[in-house]
There are 2 protein chains.
Amino acid sequence: MARTTGSNGARTHAAIRAAATGLIYRQGFAAMNLRDLAAEVGIQPGSLYNHIDSKQALLFDLMQDHMAALLAGTDAALDAAGPALMDRLRAFLDHHVLYHMERREEIAIANSELRALEPENRARIVALRSAYEARLTALLREGVAAGLLSVPDVAVTAYAMLAMLTGICSWYRPDGRLGKEELVALHTALALNGILRRQHQA
Amino acid sequence: MARTTGSNGARTHAAIRAAATGLIYRQGFAAMNLRDLAAEVGIQPGSLYNHIDSKQALLFDLMQDHMAALLAGTDAALDAAGPALMDRLRAFLDHHVLYHMERREEIAIANSELRALEPENRARIVALRSAYEARLTALLREGVAAGLLSVPDVAVTAYAMLAMLTGICSWYRPDGRLGKEELVALHTALALNGILRRQHQA
DNA sequence: TGGAAAAACGAACGTATGTTTACTTCCAGC
DNA sequence: GCTGGAAGTAAACATACGTTCGTTTTTCCA
C-alpha cells in the first residue's frame, strides 16, 4: 500500500519548506529558482512536484502557516496575560517583538512577498493580517475609552507601532550586541511611551 | 554633431526612469521585465539600451539618486531649523515623514531592493543609508547628553524610530482619510513621546 | 541643406526558468 | 515473494528573459 506517514516523504516536504524559507528570505520569491531549492534539499528539480503543486502554492502555504501561527501565538499570550488592559497591551507588544526576532525569516516573507501572490491567495493572507491588526486596534480603543491612552488616530497609530516593532526582524541577529529580553523591553517601552497619557506616568 | 541635451533622448531617459520606478515599486525588481518597461515607455526593448547600461545599472542609478536626494533634503531641513536641538530633531522627523509620503515609491525601492544589487553597488547604497542614520543617532546622542532625551540604546532606538516613520510609505495614499500635515504631526509626536524624558513634559 | 551622431526598430541569440513526462527505485502490506 | 503506490531520476518542453546586432529613421549642428 501507500508509504506511511513519517516516511521520507514527510521529511522531504519539511526540508523543502525550510530551504524555501531561507532562500526566499535572502533572495526574494521572484529571484529564487526551483533548481537552487532542489539542490539545497538534495533532490532533482522535478522531484519537488511530488511535494508541492507549484512555486506559487509553496509560497502561499508558507505565508498562510506563518500568519496562522502568529495569530495563535498572540491569542495565547493575550489569554495568559489576564483581563487587565495594560497587561494585555504589554503582552501583545512583548509577544510581537519576541516572535519577530525568533521567526524573522518567515515574518519578513509574509510582510514583503504579498505582491508575489496571485489575487485570490493575496486576499486570504491580507485577511489574516487584518485580523492580527484588529487585535491591536481593539486594545488601543479600549485604552482610549478607559482614559489610559492618548491616541489621536487608532488605525494609523496601530500601523506605526506595528511598523516600528516589525522593523526589528530586518536587522536583528541572534549573536548581536543586545539580548532578546533587552530588545523586547526597549521596544515595548518605546511604543508604550508614545501613547500613554502623560498624567498617568510617574 | 551629437544631439543636444533636451532632445528626445533626455526625455526618453526620464520616461524610462519614471516607468521603472513604478514597475519596481509594484512588482519588485526581479519580477519586473524589460519588455513591460519598454512597452510602458512606448519603445522597443532593445532601444532601452540607448539609455541604460543594464537592468542592474538602472536599479543602482535609481537607488543612488534617491538616497542622495533624501540626504540633501534632510540637510536642508536641518539647516533651516536653526541651532536648537529639539528644533533640529523635530525638523528631521517632520522631513522624514513628509518625504516618505511624497516619494514613497522611490523610498520603498531603496529600502526593499538592496538584496537585488550586486555587492559593489550594494556597498555604496548601504554607505548612503548609514550616513542618513548617522544624522539621527547624532541628534539622539546630543539629546541624551543635554538631559532632554531618555534613550536606552541610541542605535537600536534610531532603527526603531526610522522603521516606524518609514512604514508610512507602505500604506499612505494621497487620497486617504488623513492629510499630510496630520500624518506628519501624528508620527512625529508618537516618535518624540517615546524618547522624551518624562519630567520635561507638560 | 547635407551629413553624422543619436535614437529607435525588428529580429535574433543564448540561457534560465517553471513544469511535465517516462522511467526507475524503494518499501509496506497481502 | 509479489505488488502497487509513493518518491526520486534524468531528460526534455515551452516559454520568458536580458541582451546584442544590423539596419533604418530622426534630429540638429556646421
Side-chain angles (χ1 to χ4, degrees), chain A residues 1-21 23-24 26-63 109 113 115-121, chain B residues 1-21 23-24 26-63 109 113 115-121:
Chain A
M1 284 282 287
R3 203 172 293 186
T4 50
T5 324
S7 65
N8 247 351
R11 267 189 282 125
T12 303
H13 195 181
I16 290 173
R17 292 166 57 95
T21 300
L23 282 171
I24 297 174
R26 292 194 300 274
Q27 310 180 4
F29 177 73
M32 176 200 72
N33 69 76
L34 297 186
R35 278 167 180 79
D36 286 350
L37 175 59
E40 194 153 308
V41 176
I43 60 178
Q44 295 298 314
S47 302
L48 291 171
Y49 286 82
N50 288 322
H51 307 277
I52 67 172
D53 289 338
S54 66
K55 192 188 177 192
Q56 166 79 199
L58 171 61
L59 175 63
F60 175 69
D61 285 348
L62 287 177
M63 292 179 73
I109 292 173
E113 297 294 355
R115 63 186 170 194
L117 289 173
E118 290 162 1
E120 326 85 62
N121 290 339
Chain B
M1 282 283 285
R3 202 174 290 184
T4 50
T5 322
S7 66
N8 246 351
R11 266 190 283 126
T12 302
H13 195 180
I16 290 173
R17 292 167 57 97
T21 300
L23 283 171
I24 297 173
R26 291 194 302 274
Q27 312 180 5
F29 177 72
M32 175 200 73
N33 68 75
L34 297 185
R35 280 167 179 80
D36 285 349
L37 175 59
E40 194 153 310
V41 176
I43 60 177
Q44 296 298 314
S47 302
L48 290 171
Y49 286 81
N50 287 323
H51 307 277
I52 66 173
D53 288 338
S54 65
K55 192 187 177 193
Q56 166 78 200
L58 171 60
L59 174 63
F60 175 69
D61 284 348
L62 288 176
M63 292 179 73
I109 292 172
E113 298 294 355
R115 64 186 168 193
L117 289 173
E118 290 162 0
E120 325 82 64
N121 290 340

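Quick note: numbers below take in every heavy atom, side chains included, and nothing from hydrogens, waters or symmetry partners. Throughout, protein chains are lettered first and strands after them, A, B, ... in sequence-line order, and every chain is numbered starting at 1.
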Query raised in the report: Would a 4.5 Å heavy-atom cut-off, applied to side chains only, mark B/L59 and B/I109 as touching?
Result: yes
**Report entry** Interatomic distance, A/I52 CD1 vs C/dT19 P [rounded to whole Å]
**Finding:** 7 Å
**Report entry** Residue A/H51, side-chain heavy atoms: nucleotide from C/dA8, D/dT19, D/dA7 that is nearest
**Finding:** D/dA7
Query - Proximity to the side chain of B/Q44 - top-ranked nucleotide from C/dG10, D/dT9, D/dA7 - result: C/dG10
Report task. Decide yes or no on side-chain contact (heavy atoms from CB on, under 4.5 Å) for B/K55 and B/M32, but give the supporting numbers first. Result -> CA-CA 10 Å; B/K55 192 187 177 193; B/M32 175 200 73; 3.7 Å; yes
Report task. Calculate the interatomic distance between B/Q56 atom CD and D/dC17 atom C1'; express it in whole Å. Result -> 16 Å
Query raised in the report: Quick one: does A/L34's side chain get under 4.5 Å of A/Y49's, heavy atoms only?
Result: yes
Query raised in the report: Would one find a side-chain N or O of B/N33 under 4.0 angstrom from OP1 or OP2 of D/dC17?
Result: yes
Query - For atom CD1 of B/I16 and atom P of C/dA6, their distance in whole Å - result: 16 Å
Query raised in the report: From D/dT9, C/dG18, C/dA8, pick the nucleotide closest to the side chain of A/S47?
Result: D/dT9
Requested in this report: Could you check which of C/dG10, D/dA12, C/dA12 has an atom nearest any side-chain atom of B/R35?
Outcome: C/dA12
Query raised in the report: B/H13 NE2 to C/dA7 C1': how many Å, rounded?
Result: 13 Å
Query - Comparing A/D53 and B/N50 on DNA chain C - which has the more 5′ nearest nucleotide - result: B/N50
Query - d(CG, B/L34; C1', D/dA16) in whole Å - result: 12 Å
Query - Interatomic distance where NZ belongs to B/K55 and C1' belongs to D/dC17 [whole Å] - result: 8 Å
Report task. Side chain of B/T12 only, please: which of C/dA8, C/dT20, D/dG18 is the nearest? Result -> C/dA8
Query raised in the report: Roughly, in whole Å, what's the span from CZ in A/R11 to P in D/dG8?
Result: 10 Å
**Report entry** Pairwise side-chain contact, A/I24 with A/L62, heavy-atom cut-off 4.5 Å (strictly under)
**Finding:** yes
**Report entry** Distance in angstrom units between B/Y49 OH and C/dC9 P, rounded
**Finding:** 16 Å
**Report entry** Considering all heavy atoms, the nearest B/L37-B/I16 contact
**Finding:** CD1-O, 3.8 Å
